[in-house]
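Structure first, commentary second.
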Amino acid sequence: MNFRSFTRGDGAVIGAAVLLLIASFLPFETIKVPDLVGSGPGIAPVSNSLWHEGYLDILGSVTLAGLIVAALFAVARLRGEGTALLGLGLGQWGTALAVFTVWATIWAMFAGGQYETHAAGAWLSLLFALVLAAAAVLSDRHPALKAPLLGAPKPPRGQGYPQPYGPGQPGGGYGYPGADQNPSFGGRPQQPGSPTGGMTPEPAAPYGAPADAPEFAPFWFAVPVARPLYPEDGSAGPVADLTPGTWYLAVDQRGPALVAQTQDGRRGVLQDTTGIQRG
């Protein structure tokens, strides 16, 4: 699992859901029982949180719903936006449920009786539900929320690039970050002892014959902003999202597009290759 694919919007959604859970332990309402006889001060006010047996319906429609929203966003980010349920993406289901959480909180607050007073837990639940819904709606729309939650990993001391697939992967050789590479796109590895600066000369094509296209060599690359990875068969719907701060492997080229492989083995076509950083 690549946790560096989480965006700031995902972090805001998960954080708001955790705050909703914390608010559920605070008093939601204070019930004042009046003195109907007039012979005493009456019964002392009682404050109940959402974990009281009389508020379990609000607990399910507000707190539990907020936690489900966070889980949907997390699974959608880890498994890719191509994961769908009944024709809708998990992120879309999470956004709809986040908006419902706001409505459920408002309904619970203003459906009480005249002897009930809203306590701190109610107002905080409403505030965090609004934050949850706003973060869910704007997560993939606002540039500040689309930025990666975690920055790019710092390279180890003495190396120019981090290991994209973990310490078990080779750190040298053509195509891996930190290796000597030919700056031309799709170049070939240098060969020691070559009289031409490490490159083996190729025989020239006969006059009038078309020159062969250079052989493609895999290489690592990173994207400047989040970009979708589409299926190789041309079907609709992305199979994954490439995020900044992570190295991906380009395994083939199709015109201006690249066939890329993610860290969990998924492959797809990156149609927009502008501004990519080669490793």
Side-chain angles (χ1 to χ4, degrees), residues 6-78 81 83-147 149:
F6 279 82
T7 64
R8 294 177 181 174
D10 300 329
V13 170
I14 296 174
V18 172
L19 292 175
L20 266 178
L21 177 62
I22 296 175
S24 67
F25 293 96
L26 300 177
F28 189 83
E29 285 182 340
T30 299
I31 302 176
K32 297 181 180 179
V33 180
D35 180 17
L36 301 179
V37 181
S39 59
I43 303 176
V46 178
S47 297
N48 296 320
S49 70
L50 292 182
W51 294 90
H52 188 269
E53 60 181 359
Y55 298 89
L56 295 181
D57 55 338
I58 303 177
L59 179 68
S61 59
V62 176
T63 306
L64 181 59
L67 295 177
I68 294 176
V69 171
L72 289 174
F73 269 78
V75 173
R77 189 64 62 188
L78 292 175
E81 291 296 333
T83 305
L85 179 64
L86 300 179
L88 294 177
L90 298 183
Q92 295 174 315
W93 282 107
T95 301
L97 187 58
V99 175
F100 167 79
T101 302
V102 176
W103 167 251
T105 307
I106 296 176
W107 180 267
M109 290 182 60
F110 295 98
Q114 58 178 336
Y115 301 113
E116 299 174 355
T117 303
H118 301 119
W123 296 108
L124 289 177
S125 295
L126 177 60
L127 174 62
F128 298 147
L130 290 172
V131 173
L132 177 74
V137 172
L138 301 177
S139 177
D140 291 332
R141 294 174 175 84
H142 198 280
L145 296 178
K146 293 172 65 176
L149 180 62

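Note that CD of Glu29 is 6.0 Å distant from CD1 of Ile58, once rounded to the nearest 0.5 Å. The OG1 atom of Thr105 sits 9.0 Å away from atom CG of Leu132, with the distance rounded to the nearest 0.5 Å. Interatomic distance, Asp57 CG to Leu50 CG, rounded to the nearest 0.5 Å: 9.0 Å. Considering CZ of Phe25 and OG of Ser49, their distance stands at 8.0 Å, rounded to 0.5 Å. Note that CD1 of Ile22 and CZ of Phe128 are 7.5 Å apart. Values are rounded to the nearest 0.5 Å.
Considering only heavy atoms from C-beta on, Leu20 comes within 4.5 Å of Ser125 through its side chain. When side chains are defined from C-beta on, Phe73 does not count as touching Ile14, because their heavy atoms never get closer than 4.5 Å. Leu59 has its side chain out of reach of Leu64: every pair of non-hydrogen atoms, C-beta onward, lies at least 4.5 Å apart. In this structure, the side chains of Leu26 and Leu124 come closer than 4.5 Å at one or more pairs of heavy atoms. Side-chain contact between Val69 and Leu72 is absent, with no heavy-atom pair separated by less than 4.5 Å.
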Exercise. Might you work through the side-chain contact (heavy atoms from CB on, under 4.5 Å) test for Ser61 and Phe100, ending with a clear yes or no?
Key: CA-CA 8 Å; Ser61 59; Phe100 167 79; 4.3 Å; yes
Practice problem: Might you work through the side-chain contact (heavy atoms from CB on, under 4.5 Å) test for Leu145 and Thr7, ending with a clear yes or no? | Solution: CA-CA 6 Å; Leu145 296 178; Thr7 64; 6.0 Å; no
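The minimum heavy-atom distance linking Ala119 with Thr30 is given by the pair CB-OG1, 4.2 Å. Here the shortest heavy-atom pairing between Ala76 and Leu90 reads CB-CB, 3.7 Å. For the residue pair Ala136 and Thr95, the shortest heavy atom distance occurs at O-OG1, 3.5 Å. Residue Ala135 comes nearest to Ala12 through the heavy atom pair CB-CB, 3.7 Å, listed as atom of the first residue, atom of the second, then distance.
Classification of the Phe110-Trp123 ring pair by plane angle, with boundaries at 30° and 60°, yields perpendicular. Relative orientation of the His52 and Tyr55 rings is perpendicular, given thresholds of 30° and 60° on the angle between their planes.
Listed for the Ser24 side chain is a donor-acceptor partner under 3.5 Å among the backbone atoms of Leu21.
Sorted by first then second residue, the side chain to side chain donor-acceptor pair (under 3.5 Å) pairs that include residues 67-76, not counting sequence neighbours, number zero.
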